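In this text the structure is predicted, and so the values were computed from the model without any measurement. For reference, positions follow the sequence shown, starting with 1. Values reported hereafter were calculated over all heavy atoms of this structure, with side chains retained and with hydrogens, waters and symmetry mates removed.
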Amino acid sequence: MMSLSRLIVDRSRHYRPCFSIQRRFYENVYPRVTHFEIDDEPMETIRKFSPCGQYLVTFTRNFGVNLVVAYKCRMAHRKVKELSGGFWKHYFGEHFSCQISAVNKSLQKDFCLFVLESKFLVVASVAPCESQDEEITTASADENDYVSNIRNLENTTFHVISMRTGKLCSQQTFEKDHISLAHNLANNAGVSVRGNMIAILSLYRQEIHLFRIRESGQLQHLQTIGSQCFPDDDMYLSRTYVETTDRNVDVPAPTSLSEIMDIIVPATEAQRVPAVPWNHNLIVGLKQRLLSFLWKQAWNAENRMCEVRSFFHRFDEYKSLCMWKLQIFDDHHLLLKYGSKDYIVSRTGDPLGIPAYFVVYNFISTQIVNVYENNSEGFLKAYENNTEYFFEDKGPHLPFSLPLPSNSFYARESFQKQLSAARTARHAGHDTSIRRSLSELPVAPQNIRESPYFDPALFDYDEKLISHSERLKHCTEFPVKFYSRKHGNVVFRIPTGKKTAVRQGHSQKKLASFLFHPFLPFVITIQHVIYSNGVTSSHTNFHVFS
């Protein structure tokens with residue numbers, strides 16, 4: 001094994017160290033020492049490290065006010081006996097504390113996004129709506145073509161905070177709506193971020209709101225996709241309605257975006273245009289695009305009559321589809337998942353026994369590129385061979401890439417093993433295994449932990465106990481072991497906590513969350529112990545190099 005000193009000498013000889021040399025450091029530098037039950041930690045919810053590795057974000061509630069607290073990471077190399085203020089103050093110093101919501105709102109603890117290379121932090125606060133009559137809510141949903149089986153409507157506010165100054169830059173509120181932000185509800189798939197763009201999916205109103213985050217931190221609304229496809233559809237329809245009612249003439253529909261921009265009326269004139277009487281029995285906007293694509297696909301098939309007959313047979317099913325999840329695929333495309341409205345707020349994940357559809361939508365040209373069913377073997381192969389396109393490039397901060405089936409032999413082997421196990425499982429089959437493998441799509445790249453110690457080319461570990469996902473894991477009394485890929489021996493261990501005696505007459509359930517620093521050998525583990533009588537306790541541990 002190459003010594004650490006030799007690696008340092010080799011790195012000093014290179015102006016820009018290559019990827020393989022940088023990865024060799026982590027075979028020799030890893031968490032060696034564990035400090036159990038840090039007693040000087042603040043009474044706050046530890047959330048995540050920033051991708052740049054400079055900050056640690058926590059949530060807290062003080063005197064009825066929600067606060068976002070950021071700590072500056074200072075991995076100083078001092079001896080433990082020299083610590084005077086405790087381990088927490090040794091490694092972290094408070095950077096800012098920002099009040100982001102009113103008293104009657106609560107922070108969504110599962111939602112925390114960094115954008116523009118850790119320049120800004122996006123968090124969300126939720127407040128319940130005032131109680132409404134169920135009959136009135138159902139009637140309003142039917143009148144506006146909303147999803148009527150969603151009852152827990154909320155007022156959700158998104159806040160953009162500058163990580164440099166701690167200043168609240170902008171806010172955006174969605175009233176009487178339902179947006180999926182929790183891990184157990186579609187894995188945060190109600191919000192997607194790529195670069196300076198952020199997309200928010202309204203499940204209740206079935207609308208996609210696109211925003212651009214400016215360099216100042218302001219949220220700039222780009223467009224709303226749902227019943228409309230172009231940003232100026234309302235203005236065009238209003239003008240068309242006025243001309244056809246006043247002059248009783250037919251106004252041709254535009255054939256390009258430039259034609260639409262040519263007929264835009266001034267704002268003062270647009271304010272005098274009356275609202276268009278809307279017939280909600282019509283199929284418009286994105287749903288019309290979807291049904292048109294499915295019809296053309298059936299009409300152009302080789303066995304046309306069979307496919308057209310199948311289309312009309314399943315027309316009611318297609319018409320009742322609702323958007324479940326979304327992801328910004330690139331600067332021009334969205335990846336959407338459609339399914340039955342009966343499972344739109346399922347808390348057990350996506351059901352595997354019902355059909356769902358993946359839609360690739362170009363929001364610039366407003367055209368649907370393709371539609372795949374969730375048992376499509378072709379779409380599964382495309383995902384396996386091009387997985388890196390579903391994940392955003394994390395920028396220059398990290399000296400490694402996220403191991404995926406398309407760029408890592410071990411990740412592909414693990415993916416194929418899971419697919420094979422799903423096919424041979426009880427009450428499973430070919431279609432069910434594909435649906436299980438595609439159930440995580442669209443992916444939420446912001447929920448992936450970034451650490452070189454999750455690289456399967458360097459270390460082997462039990463994915464049931466620890467993974468790069470941010471979800472809680474069941475923990476055992478034994479530490480999580482990381483084995484070297486070179487010699488197969490245990491390189492280091494991460495214990496989740498001290499062994500605790502079970503209270504007499506009370507069973508307990510242990511969960512653990514792991515927070516890895518993006519590139520340093522520093523890990524925070526938080527063990528949550530839940531007793532049968534409802535009592536809970538948590539213990540924070542630090543795992544450091546020395």
Side chain to side chain contact (heavy atoms under 4.5 Å, CB included) evaluation trace for Leu121 with Leu113: CA-CA 6 Å; Leu121 173 70; Leu113 302 179; 6.0 Å; no
Pair [X], [Y]: side-chain N/O donor-acceptor within cut-off below 3.5 Å:
| X | Y | answer |
| --- | --- | --- |
| Asp177 | Ser202 | yes |
| Gln297 | Glu307 | no |
| Arg289 | Thr366 | yes |
| His543 | Thr525 | yes |
| His528 | Ser538 | no |

Take the angle between the ring planes of [X] and [Y] and call it parallel below 30°, perpendicular above 60°, tilted in between.
| X | Y | value |
| --- | --- | --- |
| Phe516 | Phe454 | tilted |
| Tyr453 | Tyr26 | perpendicular |
| Phe92 | Phe49 | tilted |
| Tyr91 | Phe522 | tilted |
| Phe390 | Phe379 | perpendicular |

Is any side-chain heavy atom of [X] less than 4.5 Å from a side-chain heavy atom of [Y]?
| X | Y | result |
| --- | --- | --- |
| Leu334 | Gln327 | no |
| Val191 | Leu326 | no |
| Lys510 | His474 | no |
| Phe363 | Gln223 | yes |
| Tyr338 | Tyr318 | no |
| Val523 | Leu515 | no |
| Leu458 | Glu27 | yes |
| Pro495 | Phe36 | yes |

Would a distance-only check, ignoring hydrogens and angles, find a side-chain to backbone donor-acceptor pair under 3.5 Å from [X] to [Y]?
| X | Y | value |
| --- | --- | --- |
| Arg412 | Ser406 | no |
| Trp324 | Ser340 | yes |
| Ser192 | Ile328 | yes |
| Ser408 | Leu404 | no |
| Ser125 | Leu107 | no |
| Lys48 | Cys112 | yes |
| Gln206 | Leu203 | yes |
| Arg436 | Leu419 | no |
| Asn374 | Ala356 | yes |
| Thr58 | Val69 | yes |

May I have the step-by-step check of salt bridge (Lys or Arg N to Asp or Glu O under 4.0 Å) for Glu215 and Lys119, ending in yes or no? CA-CA 9 Å; Glu215 290 294 331; Lys119 291 182 181 179; 3.4 Å; yes
Value rounded to 0.5 Å, distance of [atom1] in [X] from [atom2] in [Y]:
| X | Y | atom1 | atom2 | value |
| --- | --- | --- | --- | --- |
| Ile208 | Leu222 | CD1 | CG | 13.0 Å |
| Cys229 | Ile368 | SG | CD1 | 8.5 Å |
| Leu465 | Ile494 | CG | CD1 | 11.5 Å |
| Tyr357 | Lys337 | OH | NZ | 12.5 Å |
| Gln172 | Ser170 | CD | OG | 8.0 Å |
| Ile200 | Ile179 | CD1 | CD1 | 5.5 Å |

Heavy-atom closest pair, residues [X] and [Y]:
| X | Y | answer |
| --- | --- | --- |
| Val160 | Gly217 | CG1-O, 3.5 Å |
| Arg214 | Phe120 | O-CE1, 3.9 Å |
| Lys341 | Cys322 | CB-SG, 3.5 Å |
| Val68 | Val57 | CG1-CG1, 4.0 Å |
| Ser376 | Leu438 | O-CD1, 4.1 Å |
| Asp110 | Leu181 | CB-O, 3.9 Å |

Positive for side-chain hydrogen bond (donor to acceptor under 3.5 Å, both in side chains) with Thr224, one of His209, Glu207, Arg205: His209
Run the salt bridge (Lys or Arg N to Asp or Glu O under 4.0 Å) check on Asp460 and Arg485 step by step: do they pass? CA-CA 6 Å; Asp460 184 21; Arg485 285 289 185 184; 3.8 Å; yes
Are there over 12 heavy-atom neighbours, none belonging to [X], within less than 6.0 Å of that residue's [atom1]?
| X | atom1 | value |
| --- | --- | --- |
| Lys72 | NZ | yes |
| Arg314 | CZ | yes |
| His430 | NE2 | yes |

Determine, using ring centers only, whether Phe358 and Tyr372 are less than 6.0 Å apart. no
Report yes if the distance between the aromatic ring centroids of Phe542 and Phe87 is under 6.0 Å, otherwise no. no
For Tyr361 and His333, run ring-ring contact (aromatic ring centres under 6.0 Å, His included): C-alpha distance rounded to whole Å, both residues' side-chain angles, the deciding distance at 0.1 Å, then the answer. CA-CA 5 Å; Tyr361 176 71; His333 297 88; 8.9 Å; no
Passes side chain to side chain contact (heavy atoms under 4.5 Å, CB included), Gln416 versus Glu384? Steps please. CA-CA 9 Å; Gln416 293 176 349; Glu384 183 179 358; 3.1 Å; yes
Within 45° cone and under 6.0 Å: Arg32 NZ/CZ vs Tyr30 ring: yes
Show your reasoning for whether side chain to side chain contact (heavy atoms under 4.5 Å, CB included) applies to Val480 and Phe514. CA-CA 11 Å; Val480 180; Phe514 300 85; 4.3 Å; yes
Could you walk me through whether Tyr71 and His95 pass the ring-ring contact (aromatic ring centres under 6.0 Å, His included) test, one step at a time? CA-CA 5 Å; Tyr71 292 89; His95 180 51; 9.8 Å; no
